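Reading through the structure tokens given below for one structure.
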Amino acid sequence: MNRILVTGGAGFIGSAFVRYQLAQYPDVHIVTMDKLTYAGNLDNLREADPARHTFVKGDIADAAAVAGAMSGCDAVVNFAAETHVDRSILGASEFLRTNVDGVYNIVEAAKKQGLERVLLVSTDEVYGSIDVGSFKESDPITPRNPYSAAKAGGELLGRSYHTTFGVPVIITRGSNTYGPYQYPEKVLPLFVTNAIDQEPLPLYRGGEHNVRDWLYVDDHCSGIDVALRNGVPGEIYNVAGGNERENIQLTRRILELTGRDESLIKLVADRPGHDRRYSIDPAKLKALGWEPQMPWDEGIAQTVRWYQQNEWWWRKIKSGEFKEYYLRQYGQR
Ligand code: NAD
Ligand code: TYD
């Protein structure tokens with residue numbers, strides 16, 4: 001695997017994966033294809049060595065663009081997606097276009113070009129909520145919001161291309177990911193950057209005790225890499241951090257680390273259809289040799305420090321399109 005197409009590589013996890021591949025594999029060349037939506041950002045790729053990295057601006061919903069970027073590649077890893085649940089509640093059409101039609105173009109081009117591996121990055125959210133225990137890959141999927149339903153649609157299509165045409169599709173389902181360069185609409189960077197600015201933290205009322213399992217971004221990338229290189233085509237692999245926290249615990253930790261007090265917490269109207277708890281069992285991926293490396297206490301402290309030290313990165317984001325979204329999302333709450 002010498003030339004890998006990374007779609008959505010200018011986003012949060014995709015850009016970390018590009019850095020990870022370039023650092024781990026001296027012979028690999030990465031082609032990043034990204035539409036540069038509101039969430040895509042070339043600043044995220046500033047550390048990628050241009051001698052081993054090519055950037056192509058393009059939309060995965062454009063079949064010809066996908067086929068062109070894939071030409072000459074051995075493998076594709078798809079991160080490109082509309083990714084924010086709250087935005088999918090405000091309007092889902094872009095979610096279907098990218099997360100379903102876009103994935104169709106990727107598997108179709110991979111079929112025609114005979115790629116060695118097609119890795120579709122998916123999410124634990126496709127399983128839906130679970131009160132007790134953890135989902136395994138063999139459990140049925142019951143996505144409950146437009147984002148996760150669209151991700152499930154893309155996954156199912158990908159799997160059908162393996163069954164029907166023998167396209168070597170592998171799927172990973174990751175848990176909530178955190179780290180540097182995460183667009184500040186997601187709860188962790190939103191709360192950290194709001195806390196730095198002494199702005200309210202909009203915690204969903206009724207969702208204070210909802211649970212997410214936090215996975216450090218580099219551990220997510222190494223999990224995807226292990227599945228890509230050692231995984232079996234047609235199989236699905238859960239990637240989980242093993243750090244389950246209630247939202248209120250996460251919020252308090254962020255306040256402690258930023259030196260702010262609880263008066264900043266503002267309970268706002270809950271998310272419709274808010275999934276109570278996500279939990280997945282990563283034993284199948286661990287059997288391939290994967291182990292997450294980042295302890296929670298260190299990961300959260302390092303991540304908060306990164307946002308404190310990299311205001312240049314998030315201040316320009318929060319002053320652009322973000323402001324309009326923030327008002328639309330939280331103005332009525
Ligand atoms: P992100 O929103 O930060 O980045 C998404 C990237 O995809 C952006 O660079 C954007 O410009 C690009 N993109 C969007 N539509 C596109 C299109 N039509 N064509 C080409 N590029 C397009 O997302 P992220 O958090 O990095 O998530 C990456 C992947 O990981 C997604 O598939 C997501 O479903 C999955 N995932 C995310 C998490 C998480 O906690 N963030 C957890 C599990 C799985
Ligand atoms: P989010 O980061 O949107 O990830 P996901 O919904 O994909 O898990 O949200 C994580 C948790 O934080 C979720 O339970 C919803 C909650 N949340 C808030 O309480 N307030 C917010 O402003 C946001 C964005 C999320």
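Bear in mind that the values here come from a model prediction, so they are computed numbers and not experimental data. Counting starts at 1 for both ligands and their atoms, in listed order. If you read the sequence from its start, that first residue is 1, and numbering goes on from there.
With atom 13 (N) of ligand 1 as the reference point, the heavy atom nearest to it among L42, T37, L36 is part of T37. Among D34, V239, I13, the residue whose heavy atom sits closest to atom 11 (O) of ligand 1 is D34.
For atom 31 (C) of ligand 1, the closest heavy atom belonging to the protein is F79 O, 3.2 Å. Of the protein's non-hydrogen atoms, V121 CG1, 3.9 Å is the one closest to atom 35 (C) of ligand 1. If you check which protein heavy atom lies closest to atom 27 (O) of ligand 1, you get T83 CG2, 3.7 Å. Protein heavy atom closest to atom 4 (O) of ligand 1, with residue, atom name and distance, is G11 CA, 3.4 Å. Atom 5 (C) of ligand 1 has A81 O, 3.6 Å as its closest protein atom, hydrogens excluded (heavy atom only). For atom 32 (O) of ligand 1, the closest non-hydrogen atom on the protein side is K151 NZ, 2.7 Å. Atom 15 (N) of ligand 1 has its closest protein heavy atom at T98 CG2, 3.5 Å. For atom 21 (N) of ligand 1, the closest non-hydrogen atom on the protein side is K35 N, 3.1 Å.
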Test Y147 against R87 for side-chain hydrogen bond (donor to acceptor under 3.5 Å, both in side chains), laying out the working first. CA-CA 8 Å; Y147 159 67; R87 288 192 194 243; over 6 Å; no
Walk me through it: do I170 and V232 pass the test side-chain contact (heavy atoms from CB on, under 4.5 Å)? CA-CA 7 Å; I170 293 174; V232 176; over 6 Å; no
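If you look at ligand 2, the protein residues with a non-hydrogen atom under 4.0 Å away are H84, V85, D86, E125, N176, E185, K186, V187, L190, F191, P202, L203, Y204, R212, N247, R271, H274, Y278, Y330.
At least one N/O-N/O distance between D59 and ligand 1 falls below 3.5 Å.
Residues passing the side chain to side chain donor-acceptor pair (under 3.5 Å) test with D219: none are found, sequence neighbours excluded. Partners of T303 according to the side chain to side chain donor-acceptor pair (under 3.5 Å) rule, which considers only residues two or more places apart in sequence or in another chain, do not exist here. Every residue two or more places apart in sequence or in another chain that forms a salt bridge (Lys or Arg N to Asp or Glu O under 4.0 Å) with K136 is listed here: D281.
Residue contacts with ligand 1 include S175, since one or more of its heavy atoms lies under 4.0 Å from the ligand. In this structure, G102 falls outside the shell of residues with a heavy atom less than 4.0 angstrom from ligand 1. The shell of residues lying under 4.0 angstrom from ligand 1, judged by heavy atoms, includes Y147. Residue-ligand proximity: T7 is placed with every non-hydrogen atom at 4.0 Å or more from ligand 1.
Because its NZ or CZ atom is not both nearer than 6.0 Å to the ring centre of Y237 and within 45° of the ring axis, R173 does not count as a cation-pi partner of that residue.
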